[in-house]
Engineer: 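Quick one: structure below, then a few questions.
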Amino acid sequence: MIVMKFGGTSVGSTEAIGATAAIVAQKVAEQAKTTRPGVVVVTSAMSGVTNALIDSAQAAALGDETPYREARSSLLVKHQMVCGQLIEDGVERAALGRLFDSRLREFERLCRSIAVLGELTERGMDVVSGMGERLSAPLLAAVLRANGVRAQFIDAGELIITDDTYGSASPLMEQTFARCIDRLLPMVQSGVVPVITGFVAATEKGIPTTLGRGGSDYSGAIIGAALDVDEIQIWTDVDGVLTADPRIVKNARCLEELTYEEVAELAFYGAKVLHPKTVTPAIEKKIPVRVLNTFNPSHPGTRIVESTPNRPLGVKAITAIKDMQMITVAGRGMMGVPGIAARTFGAVARQSANVLMISQSSSEQSICFVVPGKEGPRVVQSLQAEFERELKQHLIENIHSQNEIVIVAVVGTGMKGVPGIAARVFNALGTHNINVIAIAQGASEANISLVVIRAEADKAVQAIHDAFELGIGD
Ligand code: ADP
Ligand code: ASP
Ligand code: MG
C-alpha cells in the first residue's frame with residue numbers, strides 16, 4: 001500500500017493532470033500484484049490557485065472587490081477546461097460543473113463578507129485558502145475514473161483533526177489516525193483509490209483549518225503513517241531532492257538517498273521541495289519517503305530513510321532561507337550576568353516568534369539570533385520593554401536588528417566529528433569575498449548555518465556547493 005501526493009504543478013494543467021492520472025493508473029496495477037495492495041492519492045491545488053485565493057481575500061479585506069470577482073471566473077474556467085478536455089462522460093462533467101460552481105459561489109460569498117467587515121481573520125483565511133484543494137481533488141478523482149481507476153474524492157476535513165491554530169494547525173494524531181483507518185482502509189481494501197485534499201483539515205468541531213503553506217506534503221505523510229503504508233511518495237516537478245535549489249545552482253544534482261534528519265534540516269532552512277514537517281509522521285514507523293518527478297516518472301527519485309552511507313566529508317546539500325532578520329542584544333554589562341539569555345528568549349517566546357538560529361559570542365557581550373523578517377519588529381519591541389532598565393543604565397548598549405539577511409545551511413549527518421568542514425566553508429566564502437555575519441552549528445551536527453546579506457546569498461550557496469563538489473556524483 002502506498003500514498004502518492006501530487007503537488008501543484010503535477011495537477012497544474014490538462015497535460016499535467018493527464019500525466020498524473022497515467023502514473024496513478026500504473027501504480028494501481030503494480031500494487032495489485034503485491035501482498036498488501038492499495039493506493040491513496042493526496043493532491044494540492046492546481047498551481048497558482050492558493051496564491052490567487054489568498055490574494056483575493058486580502059484585497060477584499062482592503063475593500064477591493066475586483067480580484068475575487070475575477071478569481072471566481074478565472075478559477076471556474078481553469079477547472080472547467082481540464083474537465084472538458086479529460087472527461088467525456090456527460091454526467092460526470094455536469095456533476096463537476098455544479099460542484100465547481102457551488103464552491104466558487106461560496107468563495108465569492110466569503111470574500112464579499114470579508115469586504116463588508118473590512119477584516120480577514122486567520123480562521124476565515126483558512127476557509128478561503130483551502131478552496132483550491134476542494135476543487136482539484138474532486139477533479140482529479142473524476143479524471144482518474146475516466147482513466148479506468150475506481151477513485152473516490154474525500155475531503156481531508158473528515159480525516160485530519162487539528163487544533164485551532166488557524167494558518168498552521170497541528171494535527172491531533174490519535175484521532176486523525178483512527179479516522180484515517182476507519183474511513184480509508186475499507187475503501188482501499190475494496191480496491192477503491194481515495195483522492196484526498198492535501199493542505200486542509202478541520203478542528204474537532206469541524207471548523208476548517210490548514211496545515212501551513214506547502215502543507216500537502218505533510219497531509220500525505222500523516223495519512224501514510226496512519227495507514228502504515230510501505231512508501232510515502234511525493235510527486236513534484238523535479239527529479240528528487242537536489243544538492244541545492246536548482247533555481248540558484250545550475251549544476252545541482254539529484255540525491256539518491258537522504259536521511260529523515262537531513263531532509264528535515266533542509267526543509268526547515270528553506271528547501272521548498274518538502275514541507276518542514278513532512279518526515280515527522282514517517283520517522284516513528286520508519287516509512288520510506290520518496291520524492292519523484294511527475295514529468296520524468298522513470299527517474300528513481302530520492303529515497304528518504306533512517307540512515308544512508310556517507311559521502312566523504314559528510315556534506316550532502318546546501319540550502320538558504322531568505323527574508324530573515326537578525327537581532328542582536330549587545331552590551332558590556334551583560335558579561336557574567338545570569339539570566340540575560342533566558343530573559344531574551346522569554347521576550348521572544350511571548351511574541352510566539354520562530355527562532356531559526358542562535359549564536360552567542362564567547363565573551364558573552366552579545367547574543368544574536370535570527371527570526372523571520374515579518375516577526376522582527378514585534379520581537380525588537382518586546383526586547384526593548386524587557387530590558388528597559390538595562391538599556392537606561394547602559395548595561396545593554398543596544399538592541400540592534402538587521403533586515404534582509406539570509407541563513408545558508410550546510411547539511412549532512414555525516415559531518416559529525418569530521419574536522420575541517422567549517423574551515424572549508426569559510427575558505428570558499430573568503431575566496432569570493434563574502435562576509436559571514438554569524439555562524440552556528442546545530443547540536444546534532446547535521447548542519448552548519450551561517451548568516452550572510454541577501455545580495456550575497458546565491459553566490460554563497462554556489463561557492464559552498466562548489467567547495468564540496470556536490471555537483472559531482474559519487
Ligand atoms: P509541489 O508543488 O510539487 O509541492 P514545490 O514548488 O512546493 O512543488 O517544490 C518543488 C520545488 O522546490 C522545485 O521546483 C524546486 O524549484 C524547489 N527546490 C528548492 N530547493 C530544492 C532542492 N534542494 N531540491 C529540489 N527542489 C528544490
Ligand atoms: N496549495 C497549498 C499551497 O500552495 C498547499 C500545497 O501546495 O502543498 O501552499
Ligand atoms: Mg510543495
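Start at 1 with the first residue, then count along the sequence. Atoms within a ligand are numbered from 1 in the order they appear, just like the ligands themselves. No experiment lies behind these values; they were computed from the predicted model shown.
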Engineer: Using heavy-atom distances only, which candidate in Met46, Glu133, Met131 approaches atom 5 (C) of ligand 2 most closely?
Structural biologist: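 The option holding the nearest heavy atom is Glu133.
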
Engineer: Compute the minimum heavy-atom distance from Gly214 to ligand 2 and say whether it is under 4.0 Å.
Structural biologist: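 For ligand 2, residue contact (heavy atoms, under 4.0 Å) with Gly214 is present.
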
Engineer: Can you confirm whether Glu306 is buried at CD, in the sense that more than 12 heavy atoms of other residues, nucleotides or ligands lie under 6.0 Å from that atom?
Structural biologist: no

Engineer: Does one side chain, of Thr14 or Gln85, offer a donor that lies under 3.5 Å from an acceptor on the other?
Structural biologist: yes

Engineer: Under a 4.0 angstrom heavy-atom cut-off, which atoms of ligand 2 come close to Ser44?
Structural biologist: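 Atoms satisfying the 4.0 Å criterion: 6 (C), 7 (O), 8 (O).
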
Engineer: Show me which atoms of ligand 1 lie under 4.0 Å from any heavy atom of Thr236.
Structural biologist: 1 (P), 3 (O), 8 (O), 10 (C)

Engineer: Short N/O distance, under 3.5 Å, between Asp217 and ligand 2?
Structural biologist: no

Engineer: Cation-pi between Arg72 and Phe107: NZ/CZ under 6.0 Å from ring centre and within 45° of the ring axis?
Structural biologist: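 No; the conditions do not both hold, so Arg72 does not lie above the ring face of Phe107.
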
Engineer: Just distances here: any N/O of Gly8 and N/O of ligand 1 closer than 3.5 Å?
Structural biologist: yes

Engineer: Can you sort out which atoms of ligand 1 are near Val241, meaning under 4.0 Å from one of its heavy atoms?
Structural biologist: 24 (N)

Engineer: Any atom of ligand 1 sitting under 4.0 Å from a heavy atom of Cys254?
Structural biologist: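 No heavy atom of Cys254 comes that close to ligand 1.
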
Engineer: Has the side chain of Thr302 got a donor or acceptor atom that lies under 3.5 Å from a matching backbone atom of Val241?
Structural biologist: yes

Engineer: Would you say Ser44 touches ligand 1, if touching means a heavy atom closer than 4.0 Å?
Structural biologist: no

Engineer: Run the numbers for me: atoms of ligand 1, each under 4.0 Å from some heavy atom of Leu242, listed by number.
Structural biologist: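 Taking each heavy atom of Leu242 in turn, ligand 1 has 22 (C), 23 (N), 24 (N), 25 (C) under 4.0 Å.
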
Engineer: Enumerate the atoms of ligand 1 whose separation from the nearest heavy atom of Gly240 is less than 4.0 angstrom.
Structural biologist: 24 (N), 25 (C)

Engineer: Specify the closest pair of heavy atoms between Val273 and Asp217, including all atoms of both residues, with the distance to one decimal.
Structural biologist: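 Closest approach of Val273 to Asp217: O-OD2, 3.8 Å.
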
Engineer: Using distance alone, determine whether Gly212 and ligand 2 share an N or O pair under 3.5 Å.
Structural biologist: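 N/O-N/O distance below 3.5 Å does not exist for this pair.
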
Engineer: Does Gly7 have a heavy atom less than 4.0 Å from any atom of ligand 2?
Structural biologist: no

Engineer: Any idea which atoms of ligand 2 are less than 4.0 Å away from a heavy-atom of Thr50?
Structural biologist: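 Counting from 1, the qualifying ligand atoms are 1 (N), 2 (C), 3 (C), 4 (O).
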
Engineer: With a cut-off of 4.0 Å, which atoms of ligand 1 are near a heavy atom of Lys5?
Structural biologist: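 This gives 4 (O) as the contact atoms.
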
Engineer: Of all the non-hydrogen atoms in the protein, which one sits nearest to atom 17 (C) of ligand 1, and at what distance?
Structural biologist: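 The answer is Arg247 NH2, 3.6 Å.
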
Engineer: Taking atom types as modelled, find out whether Asp466 and Gln462 have a side-chain donor-acceptor pair closer than 3.5 angstrom.
Structural biologist: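 Yes, Gln462 and Asp466 have a side-chain donor paired with an acceptor closer than 3.5 Å.
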
Engineer: Are the side chains of Phe268 and Leu356 in contact, using a 4.5 Å heavy-atom criterion?
Structural biologist: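 Yes, side chains in contact.
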
Engineer: Check each heavy atom of Ser216 against ligand 2 and say whether those closer than 4.0 Å belong to the side chain, the backbone, both or neither.
Structural biologist: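 It is both parts that get close, each with some atom under 4.0 Å.
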
Engineer: Against heavy atoms of Arg213, which atoms of ligand 2 measure under 4.0 Å?
Structural biologist: 3 (C), 4 (O), 9 (O)

Engineer: Take atom NZ in Lys286; do more than 12 heavy atoms of anything else shown fall under 6.0 Å from it?
Structural biologist: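 Incorrect, the count does not exceed 12.
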
Engineer: Where the side chain of Thr121 meets the backbone of Gly124, is there a donor-acceptor pair that is under 3.5 Å apart?
Structural biologist: yes

Engineer: Given Asp237, Thr50, Val273, which has its nearest heavy atom closest to atom 13 (C) of ligand 1?
Structural biologist: Asp237

Engineer: Between Ala244 and ligand 1, which part of the residue brings a heavy atom under 4.0 Å of the ligand: side chain, backbone, both or neither?
Structural biologist: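 Backbone only.
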
Engineer: N/O of Asp217 under 3.5 Å from N/O of ligand 1, yes or no?
Structural biologist: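 Not met; the criterion fails.
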
Engineer: Any chance the side chains of Thr209 and Thr162 put a donor and an acceptor closer than 3.5 Å?
Structural biologist: yes

